[in-house]
Amino acid sequence: MLDLRLIRKNYGEVRQRIATRGEEYVKLVDEVYRLDKEKREIQKEVEILRALLNKKSREYGKLKREGKEDENLKRELSQIKENLSRLEEKLKLLEEELYQTLLRIPNLPHPTVPVGRDENDNVEVRKWGEPPKFNFNPKPHWELGEYLGILDFEKGTKLSGSRFVVKRGLGARLVRALINFMLDLHTKNGYLEMYVPHLVKPEILIGTGQLPKFEEDLFKCERDGLYLIPTAEVPLTNLHRDEILKEEELPIYYTAYTPCYRREAGSYGRDIKGLIRLHQFDKVELVKITTPERSYEELEKLVRDAEKVLQELELPYRVVELCTGDLGFSASKTYDIEVWMPSYNRYREISSCSNCEDFQARRMKLRYKTKNGKNLYCHTLNGSGLAIGRTLAAILENYQQEDGSVSVPKALRPYLGGLEVIEPHG
RNA sequence: GGAGGGGUGGCCGAGCGGACGAAGGCGCGGCGCUGGAAACGCCGUGUGCCCGUUUUUCGGGCACCGAGGGUUCGAAUCCCUCCCCCUCCGCCA
């Protein structure tokens with residue numbers, strides 16, 4: 001949520017910056033500006049009337065206790081109350097409309113973010129490793145997975161429909177190995193491992209920005225009013241909502257493994273094969289809560305922490321900085337990490353690391369008390385560290401051998417009982 | 001799912017129709033006492049919004065005692081609905 005006072009004071013600048021994400025948001029800013037102005041006028045009237053009512057009420061009570069009755073005063077009071085309730089009704093509607101509009105405005109991009117329309121305008125920051133050269137025709141991971149008997153897409157569809165998969169034997173074991181490997185790495189780097197609920201209340205999703213705008217992307221348990229989480233960012237970031245943390249407690253680093261559930265509305269036909277785009281996938285997530293002064297430094301470190309996973313697995317990747325048009329709703333600045341995928345002959349997103357500044361913190365009232373006693377909003381950051389399914393796909397494709405077997409990255413072998421090669425199994 | 005108990009400031013806890021943003025205690029901060037410290041004494045110590053002034057400051061107003069509604073001139077206090085927590089019983093991984 002944007003700071004209303006910023007919109008009031010720097011109206012022109014906010015309009016301009018929000019426009020770099022898409023022109024459609026400018027009119028929302030205009031609407032907020034107008035509603036806020038009107039709301040404050042009404043609020044002023046309401047408060048003046050209420051102060052008057054409080055004062056007269058005390059007078060009336062005093063008389064009453066002295067056994068006196070003042071009919072004129074009583075009439076005046078009911079007159080004030082009548083005006084007041086009409087104004088209050090109006091104020092409530094305005095406040096609600098203002099809030100709802102504000103909730104649909106995305107975060108302001110950081111001034112350093114390249115201005116652009118879509119992913120084509122993203123900027124490559126750095127590259128690591130070399131894409132493998134095959135002297136045979138490399139297979140896509142879904143073919144390898146089925147050949148090896150570790151991925152079963154048919155069974156996934158049988159159970160749950162399209163965009164679901166069953167992992168079998170070593171496939172299932174690899175998921176478990178990757179989760180453990182990543183959590184071990186991150187906890188070594190100072191992240192506190194958490195295990196969190198996968199179903200959350202709507203206000204939790206409002207906190208991180210998935211609601212109200214992206215309801216259609218979520219799975220909902222209607223009966224209970226709960227939603228399946230689309231990422232562990234949601235429960236992790238909300239852990240301290242409605243709290244005032246001590247400055248000394250910051251920064252807080254969390255990591256958690258969770259499954260992620262996404263309806264993928266509007267992506268029909270995209271990445272229909274393989275592990276790239278599923279309704280349910282696994283992910284190890286990184287979340288940081290920091291002070292505003294440190295948050296950009298922390299973002300750089302967060303990306304490095306996520307990169308470490310790929311470096312240890314020896315998978316080639318690059319880091320790109322998202323342009324304004326490609327930025328997620330809550331993010332001020334985002335780095336994507338893209339891993340090399342031979343079957344696509346290009347890099348594909350495997351992690352997204354964002355600084356949301358105070359955008360989420362304001363939505364969830366997540367604050368900290370400074371040393372001199374001021375309450376300020378925290379900055380929140382999150383990043384994948386990493387998406388398990390896509391990591392598995394990248395391993396299969398990059399480590400495949402001519403006979404269809406796949407060698408196991410060295411870093412992962414301890415998690416698979418020393419296994420060096422994945423071969424077809426029944 | 002059934003029966004009972006309860007939600008008040010950072011915490012404990014009083015208040016059960018007006019002078020209550022809320023006693024008292026603990027904690028925390030400052031000052032005093034001390035060679036230093038403990039103990040003790042004094043002072044201070046919630047959050048949000050609006051208006052004015054203003055860089056920080058300060059002054060005024062409004063709201064907040066789980067949430068929402070109602071009664072009343074006036075509600076933390078009375079009534080209704082909902083949520084949450086605790087105890088016991090049932091069911092259950």
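In what follows, every chain begins at residue 1, and chains take the letters A, B, ... in the order their sequences are listed.
Atoms CG (A:Asp36) and C1' (B:rC50) sit 11 Å apart, rounded to a whole Å. We find that CZ of A:Arg362 is positioned 9 Å from P of B:rC49, with the value rounded to whole Å. Nucleotide B:rC64 holds its P atom 16 Å from the NZ atom of A:Lys365, rounded to whole Å. When rounded to the nearest whole Å, the span between CG of A:Leu98 and C1' of B:rC49 equals 12 Å. In this structure, A:Leu52 places its CG atom 13 Å from C1' of B:rC62, rounding to the nearest Å. In this entry the distance linking CG of A:Leu84 with P of B:rG61 reads 17 Å, nearest Å. Spacing between atom CG of A:Asn375 and atom P of B:rG9 amounts to 16 Å, rounded to whole angstrom units. In this structure, the CG atom of A:Leu53 is 14 Å from the C1' atom of B:rA63, given to the nearest Å.
When the C1' atom is compared between B:rA39 and B:rC33, the two are found 11 Å apart, to the nearest whole Å. Taking atom P in both B:rC11 and B:rC28, the straight-line distance is 15 Å, to the nearest Å. B:rC58 and B:rG18 are spaced 33 Å apart, taking the P atom of each and rounding to whole Å. With P as the reference atom, B:rA19 and B:rG2 are 41 Å apart, rounded to whole Å. Taking the P atoms as reference points, B:rU45 lies 29 Å from B:rG36, given to the whole Å. Remark: the separation of the P atoms in B:rG61 and B:rA3 is 49 Å, to the nearest Å. Distance check on atom C1': B:rG66 versus B:rU56 gives 36 Å, rounded to whole Å. For the P atom pair drawn from B:rC83 and B:rG41, the interatomic distance equals 48 Å after rounding to whole Å.
Pairs engaging residues 200-222 of chain A under the salt bridge (charged side-chain N to carboxylate O under 4.0 Å, His left out) rule: A:Lys220-A:Glu222 [sequence neighbours left out].
Nucleotides of RNA chain B nearest to A:Val46 and A:Arg5 differ in position, and the one nearer the 5' end is that of A:Arg5. Comparing A:Leu4 and A:Ala51 by the nucleotide of RNA chain B that holds the closest heavy atom to each, the one mapping nearer the 5' end is A:Leu4.
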request  = Evaluate the side chain to side chain contact (heavy atoms under 4.5 Å, CB included) criterion for residues A:Arg390 and A:Ile276: first the C-alpha distance (whole Å), next the side-chain angles of each, then the deciding distance (0.1 Å), finally the verdict.
outcome  = CA-CA 6 Å; A:Arg390 290 186 182 186; A:Ile276 300 301; 3.7 Å; yes
query = Step by step, would you call A:Phe153 with A:Phe164 a ring-ring contact (aromatic ring centres under 6.0 Å, His included)?
reply = CA-CA 7 Å; A:Phe153 292 96; A:Phe164 285 95; over 10 Å; no
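Base-pair partner of B:rG1: B:rC89 (Watson-Crick or G-U wobble, both distances under 3.5 Å). Base pairing of B:rC11 is made with B:rG25, judged by Watson-Crick or G-U wobble geometry with both donor-acceptor distances under 3.5 Å. When both pairing distances are held under 3.5 Å, B:rG32 makes a Watson-Crick or G-U pair with B:rC40. When both distances must be under 3.5 Å, the Watson-Crick or G-U wobble mate of B:rU54 does not exist. With a 3.5 Å ceiling on both atom-pair distances, the Watson-Crick or G-U wobble partner of B:rC62 is B:rG48.
For the residue pair A:Tyr317 and A:Glu307, a side-chain donor N or O sits within less than 3.5 Å of a side-chain acceptor on the partner. Residues A:Asp184 and A:Tyr415 bring a donor and an acceptor atom of their side chains to less than 3.5 Å of each other. Using modelled atom types and a 3.5 Å distance limit, the side chains of A:Glu300 and A:Tyr335 yield a donor-acceptor pair. Side-chain polar atoms of A:Gln360 and A:Glu233 form a donor-acceptor pair below 3.5 angstrom. Side-chain contact annotation: A:Asn355 with A:Ser295, donor-acceptor N/O pair under 3.5 Å present.
Contact annotation: A:Arg40 side-chain N/O to B:rG61 OP1/OP2 distance is not under 4.0 Å. In terms of phosphate contacts, A:Lys74 brings a side-chain nitrogen or oxygen within less than 4.0 Å of OP1 or OP2 of B:rC73. Proximity of A:Lys81 to the phosphate of B:rG74: a side-chain N or O atom is located under 4.0 Å from OP1 or OP2. For the OP1/OP2 pair of B:rG74 and a distance below 4.0 Å, the side-chain nitrogens and oxygens of A:Asn54 include no atom meeting the criterion. One finds a side-chain N or O of A:Arg50 lying less than 4.0 angstrom from the OP1 or OP2 phosphate oxygen of B:rA63. For B:rC73, the OP1/OP2 oxygens have no side-chain nitrogen or oxygen of A:Arg75 closer than 4.0 Å. When the side-chain nitrogen and oxygen atoms of A:Lys92 are compared with OP1 and OP2 of B:rG69, one or more of them lie within a distance under 4.0 Å.
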Base versus backbone protein contacts along nucleotides 16-23 of chain B [heavy-atom cut-off under 4.0 Å; B, S, -] = --B-----
request  = Sugar-phosphate means primed atoms, P, OP1 and OP2; the rest is base. With that split, encode nucleotides 76-82 of chain B 5' to 3' as B, S or - using protein heavy atoms under 4.0 Å.
outcome  = -------
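The residue A:Lys201 sits apart from the nucleic acid: no heavy atom pair falls under 4.0 Å.
Between atom OG of residue A:Ser354 and atom CG of residue A:Leu302 there is a gap of 8.5 Å, rounded to the nearest 0.5 Å.
Between A:Glu88 and A:Lys92 no salt bridge is recorded (no basic side-chain N to carboxylate O distance below 4.0 Å).
Within the 4.5 Å cutoff, the side chain of A:Val406 has no heavy atoms near those of the A:Glu423 side chain. In this structure, A:Glu143 and A:Glu397 have side chains that are not in contact, with every pair of non-hydrogen atoms separated by 4.5 Å or more.
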